[in-house]
Amino acid sequence: MPPLLRLRDPTALLPSHSHLRALHAHLLVSGRLAAFLASLASSNHLLPYARLVLPRRPATLLAHNALLRALARGPRPGLAFAAFRDLPLPPDHYSLNFLVRAAAALAASAAEERPAVCAARLQAVSAHGAAVRWGHAADPHVQSGVLSMYAALGDVAAARAAFAEIACPDVVCVTAMVGALAAGGDVDAARGLFDGMPQRDHVAWNAMIAGYVHVGRSREALRLFDEMLSAGTTVGEATLVSVLTACAQIGALDRGKWVHWYVRSRGMQMSVKLGTALVDMYSKCGAVVTAMEVFESMAERNVYTWTSAVSGLAMNGMGVECLQLFKRMVSAGIQPNGVSFVAVLGGCSIAGLVDEGRACFDSMVKYGVDPWPEHYGCMVDLYGRAGRLDDAINFINAMSMEPHEGVWGALLNASRIHNRVDLGEYALDKLLAIESENDAAHVLLSNIYAESQNWKGVSRVRGMMKAKGVKKVPGWSTIEVDGKVHEFFAGSKSHPRYSEIELMLAEMNRRLRLQGYTANTREVLFDIEEEEKEGAISLHSEKLALAFGLIALPEDVEIRIVKNLRVCRDCHDYTKLISKVFNREIVMRDRNRFHHFKGGECSCRDYW
DNA sequence: CTAGGGTTAG
């Protein structure tokens, strides 16, 4: 019998019921039932068995707690509540800890479906109430659990209230609170709490770093990571994952490479999460080849890893390879999920693989994935981008759900690409009925009018925006020099080396004029005087970043720029020419994809 | 037998 206990997978015991019975007897006699049950946490096959066996004597609280723990961490955490109710003994702080964790897991799995959230809320309140009733609400483990439970529900106010009740919160509780505040979007409050912590360990640092990443304040995340290093705190894998995510967001390739080097130099084992974060970081920094090398070298990969790689290829304009990798993923036995399909459909779309994309979409049901609104948007983009606008419209008309804003947005973008003013107006109408304040949509329609020199249309859109108070999101661009990320806003002169940048801009314009370049002002939002327009677009943030890159980076280094919005046509033309005239490789990441400029050409073939 | 932080799209 003892050898059986050492089996990794308890389900290996399943074939014979008599075997189970014997094992059970043995466990009861040896008093090791609890330990056995605890080992079942990872296997849901034997949970029914455990639940059947446990109500019989001798019932130690230890064994019941082990069951609670297994249920809380299992696929149906709600079962822990029934088990808790049926406890034959008064619960201790362990029982309550597991109950609260179960409520947290329930909240996390409720996603955003209203009924599930309501149910989870009720369970959370009842778990919290039980902790108070049984006198374990002051247990530190229970307290941190209650905090993360409310955080998982997205109820920051409740988390705050619970935190206020804690007489002297320990590091763990404060860290949980930092996480709750950050998850609720109030990173500054989280930072205040973090700064006031008497001592911080690496988990606390990471909670704060991840909080910044979560709200898109990655530069601050990286700055905090620098402080963490100077503070001499041990850096764990989780922190490196957060840092890589920050690098991915702002395209900080040098910092990302540094993390990769750090991992190797410390001989850290490459876990799935770390590897996935690396693949993601390299992809989002435009270094697809390296991303794929990391991907191929990984010993273990999951859906996240594969999806990250598929999406990386799509982003970088490698649609054919993207589809190939997706097929490889399926043959490797990995179940694609909704995100995987968004990624592969995007790859098909940029490569113009209409039929292949359609086949992917049709295959979704086979993998048990119900199409989301996003997938319909991808399909409209697939047809629309390829110029098959009638198919796009037929597809929309045949949809089983009400088209959401993404669908109309895709149609609007297709109208822009194929110069279809009528369709563009139609799509914007529909879009505004859903999202009347969508700034990007207004800008897109305005650009469609501008492309066809319809200045009346342009000013009408401008009037609409003004009337509704819709403002264009300010554009920014970043560029990394010596591991430091520099940020530029349109027209801003605040950079310390601005005078040099201004000189370089003049030089760029001079050399471009010699090549016969005149600013393409068609896509400018407002109908203003020609000269003013030229002035306005010459200061788009990517041009500032480009000028700074030419000054600050050695000649044999590619210039890498990250932008928060879509590149406008003028900046795209401009950058193509710069790549030729200055003989530099330029990689520009915009909102949706990468542009690799070289010798006057762009990898997107002017199609974005 | 317990706790806090981390991975894919838009």
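Treat the numbers as computed from the prediction; the structure is a model and nothing was measured. Chain letters run A, B, ... following the sequence lines, proteins first and then strands; every chain starts at 1.
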Worksheet item: Passes side-chain contact (heavy atoms from CB on, under 4.5 Å), A:Lys284 versus A:Arg589? Steps please.
Response: CA-CA 8 Å; A:Lys284 286 183 178 156; A:Arg589 183 179 104 187; 3.6 Å; yes
Worksheet entry | For atom CD1 of A:Ile350 and atom P of B:dG10, their distance in whole Å | 12 Å
Worksheet item: Taking CE from A:Met298 and P from B:dT8, how many angstroms apart are they, rounded to a whole number?
Response: 13 Å
Discussion item. Tell me if the aromatic rings of A:His375 and A:Trp372 count as close, with their centers under 6.0 Å from one another.
Written reply: yes
Fill in: Whole-Å distance separating the OH atom of A:Tyr367 from the P atom of B:dT8
23 Å
Discussion item. Counting primed atoms plus P, OP1 and OP2 as sugar-phosphate and everything else as base, spell out the protein contacts along nucleotides 2-7 of chain B at 4.0 Å heavy-atom distance: B, S or - for each nucleotide, 5' to 3'.
Written reply: BBBBBB
Worksheet item: Whole Å only: how far is the CG atom of A:Asp381 from the P atom of B:dA9?
Response: 17 Å
Practice prompt. Taking only Lys NZ, Arg NE, NH1 and NH2, and the carboxylate oxygens of Asp or Glu, determine whether A:Asp280 and A:Lys273 approach each other closer than 4.0 Å.
Written response: no
Worksheet item: Does a side-chain heavy-atom distance below 4.5 Å link A:Ser340 with A:Trp306?
Response: no
Discussion item. Without decimals, in angstroms, what is the distance between A:His214 NE2 and B:dT8 P?
Written reply: 12 Å
Item to complete: Provide, to the nearest angstrom, the distance between the CG atom belonging to A:Leu345 and the C1' atom belonging to B:dT8.
Response: 15 Å
Fill in: A:Glu321 with A:Lys327: basic N within carboxylate O range, under 4.0 Å
no
Discussion item. I need the CE-P distance between A:Met281 and B:dT8, as an integer number of Å.
Written reply: 13 Å
Discussion item. Salt bridge or not between A:Arg255 and A:Asp226? Use side-chain N to carboxylate O under 4.0 Å.
Written reply: yes
